[in-house]
Amino acid sequence: MRLSGRAKGYDGAVQLIRLLVAAVAGIAVVVGYIHERRRLEVISKLPGDKARDYYEAGRARNERVMWVVALALLIAAVTIVLGQRVLPSFGAAA
């Protein structure tokens, strides 16, 4: 089946978005690793009570970030599902 110019452009945009998501995920992993190494170095230099407080503050911050990421993924999923109902070709592979 031949695709119209518009469909080809859409497929190209989807491929670009997929590439960007993969790149951002890879960068996030590397940055997370570097940040964790730094955090553990700081914790190892602190006395017990301060180290625990620093650790707990980091866990609370990480939990907030994970909630934001989960909410963003939920919004993206709902947008795609609603888009497919309103516009049946939305998100469909050609």
Before you tell me yes or no, could you show the steps for Arg52 and Asp49 under salt bridge (charged side-chain N to carboxylate O under 4.0 Å, His left out), namely the whole-Å CA-CA distance, both residues' side-chain angles and the distance that decides it to 0.1 Å? CA-CA 5 Å; Arg52 185 180 59 245; Asp49 289 342; 3.4 Å; yes
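- Tyr55 and Val42 fall within a single hydrophobic cluster, where Ile, Leu, Val, Met, Phe, Trp and Tyr side chains are chained together by heavy-atom contacts under 4.5 Å.
- Legend: side-chain hydrogen bond (donor to acceptor under 3.5 Å, both in side chains) pairs involving residues 19-38, not counting sequence neighbours, sorted by first then second residue: Glu36-Arg39.
- Atom CD of Glu63 is surrounded by 12 or fewer heavy atoms from other residues, nucleotides or ligands within 6.0 Å.
- Here the side chains of Arg18 and Val14 are in contact, with some heavy-atom distance below 4.5 Å.
- Residue Trp67 holds its CH2 atom at 14.5 Å from CG of Asn62, rounded to the nearest 0.5 Å.
- For the atom pair Ile75 CD1 and Leu71 CG, the distance stands at 4.0 Å (nearest 0.5 Å).
- Checking each of Val24, Val30, Val31, Val29 against Ile27 for a side-chain contact (heavy atoms from CB on, under 4.5 Å) leaves exactly one that passes, namely Val31.
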